[in-house]
Amino acid sequence: MTFMQRAALPLATMAMTLLGSQAYAQSIPESRPDASGVIQEAQRMLESERTRTRTEQAEIWGLTERDWERYEALMEGPRGIWSPNLDPITALGVEARSAEERRRYAELLVQVERARTERELAFQRAYDAAWQRLYPNEMPVDEFTLRPRNAFHFTDEGALQARLTVHVAVNDCERCDSTVRELLAQGTQMDIFVLDSDGDDSVIRDWARRVGVPADRVRARDITLNHGQSDPERGIAVGSLPQVYPR
């Protein structure tokens with residue numbers, strides 16, 4: 001359904017509502033309302049509502065109403081087909097008409113992403129604290145957390161360290177065990193994905209204890225434990241483990 005078709009639906013509804021609200025007036029010996037006048041009034045109401053909604057949406061993203069109008073126009077065209085779920089700032093940035101526009105949207109996106117990350121980190125810290133209160137002797141398995149891991153991780157001291165993604169199997173994979181032990185000895189920060197856990201958290205925890213993954217590093221999010229899955233296109237399968245990638 002096109003934008004114009006979507007707009008026509010509420011317009012028709014408004015027009016019928018206005019006509020219905022004047023049904024009683026039509027029984028009085030006065031001039032009956034002209035249908036075109038009713039439609040014009042419905043159009044005015046619809047445009048007023050559309051403008052209010054557009055302004056509210058633009059403010060949420062830190063954009064102007066003109067920015068939002070351009071975003072809507074872009075998403076009606078090829079960009080909406082190529083990237084149907086693209087956020088408005090990125091859409092405007094990649095379709096910028098000048099270097100100045102591109103710089104403005106890039107800075108705005110950095111600000112929005114920073115604020116989002118701060119909120120998510122605050123919730124992650126609350127989640128970690130809740131886990132330690134409720135299950136102090138268990139290592140959390142990360143399928144329950146909301147924050148995706150970035151390519152880099154800021155430690156409490158503010159140092160920027162690279163993280164690794166490590167795919168392993170818990171059964172019949174001595175190289176998996178030795179690789180993880182070696183990375184642990186090096187103090188590597190990593191996200192471990194277990195392919196043959198069958199969704200059972202206890203399988204991952206038992207394996208982590210066996211290879212010596214420190215529980216305090218897991219609780220501190222220095223290391224995360226996750227249920228993994230095969231990805232043949234990247235060569236990630238139970239028979240070809242371990243696989244280690246930089247995040």
Side-chain angles (χ1 to χ4, degrees), residues 1-10 46-128 142-156 158-167 189-191 193 221 224 226-236 243-247:
M1 181 180 291
T2 66
F3 175 79
M4 294 302 296
Q5 288 172 328
R6 291 196 299 270
L9 293 177
L46 179 61
E47 184 58 33
S48 176
E49 176 65 19
R50 186 183 297 119
T51 300
R52 183 180 67 83
T53 301
R54 183 185 298 125
T55 301
E56 291 173 349
Q57 291 288 342
E59 288 176 352
I60 289 173
W61 290 92
L63 298 167
T64 66
E65 186 175 334
R66 180 171 295 182
D67 287 331
W68 195 264
E69 290 175 351
R70 174 162 167 74
Y71 163 67
E72 289 183 329
L74 288 172
M75 298 309 286
E76 288 287 338
R79 177 54 58 187
I81 297 175
W82 295 330
S83 313
N85 298 316
L86 198 60
D87 68 87
I89 301 176
T90 302
L92 290 166
V94 298
E95 297 291 345
R97 294 162 292 189
S98 68
E100 177 61 25
E101 268 195 355
R102 190 174 299 107
R103 182 192 63 79
R104 175 192 163 218
Y105 293 128
E107 291 182 354
L108 181 58
L109 184 60
V110 167
Q111 294 170 359
V112 170
E113 285 291 303
R114 182 175 184 273
R116 177 185 68 83
T117 300
E118 287 179 347
R119 292 193 298 270
E120 292 180 2
L121 286 173
F123 181 73
Q124 183 68 62
R125 287 191 288 270
Y127 176 95
D128 295 342
D142 249 24
E143 68 172 342
F144 302 112
T145 63
L146 299 178
R147 179 168 61 91
R149 284 288 171 181
N150 294 321
F152 297 94
H153 171 65
F154 285 95
T155 65
D156 292 338
L160 186 63
Q161 300 183 16
R163 294 183 71 90
L164 296 179
T165 296
V166 184
H167 299 271
Q189 295 178 343
M190 53 185 158
D191 302 306
F193 292 83
R221 323 306 297 169
T224 68
N226 310 269
H227 296 284
Q229 58 184 0
S230 298
D231 186 351
E233 292 186 0
R234 298 174 59 195
I236 300 173
Q243 296 285 348
V244 180
Y245 299 93
R247 292 289 283 180

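Just the heavy atoms: all of them, side chains too, but no hydrogens, waters or symmetry mates, feed the values below.
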Undergrad: In Å, rounded to the nearest 0.5 Å, how long is the span from CG of L63 to CG of L92?
TA: 6.0 Å

Undergrad: Are more than 12 heavy atoms from other residues, nucleotides or ligands located less than 6.0 Å from atom CD of E113?
TA: yes

Undergrad: Can you spot which of E59, R54, E56 makes a side-chain contact (heavy atoms from CB on, under 4.5 Å) with W68?
TA: R54

Undergrad: Any chance you could measure D191, atom CG, to N226, atom CG, to the nearest 0.5 Å?
TA: 6.0 Å

Undergrad: Measuring from atom CD of Q57 to atom CG of D67, what distance do you get when rounded to the nearest 0.5 angstrom?
TA: 13.5 Å

Undergrad: Taking all atoms of both residues into account, what is the closest heavy-atom pair of P84 and M75, and its distance?
TA: O-CE, 3.8 Å

Undergrad: From R79 CZ over to L74 CG, what is the distance, rounded to the nearest 0.5 angstrom?
TA: 8.5 Å

Undergrad: Please round to the nearest 0.5 Å and tell me the distance separating atom CZ of R114 and atom OG1 of T117.
TA: 9.5 Å

Undergrad: Could you tell me which residues satisfy ring pair (Phe, Tyr, Trp, His ring centres under 6.0 Å) with F193, sequence neighbours excluded, listed by chain and number?
TA: H167

Undergrad: Assess whether a salt bridge exists between E69 and R66, defined as any Lys/Arg side-chain N lying under 4.0 Å from an Asp/Glu carboxylate O.
TA: no

Undergrad: Rounded to the nearest 0.5 Å, how far does CE of M190 lie from OG1 of T165?
TA: 11.0 Å

Undergrad: Pick one: which of E101, E100, E95 meets side chain to side chain donor-acceptor pair (under 3.5 Å) with R97?
TA: E101

Undergrad: Under a 4.0 Å N-O cut-off, is there an ion pair linking R103 with E107?
TA: yes

Undergrad: Compare every heavy atom of L86 with every heavy atom of Y71, then report the nearest pair and how far apart it is.
TA: OH-O, 3.5 Å

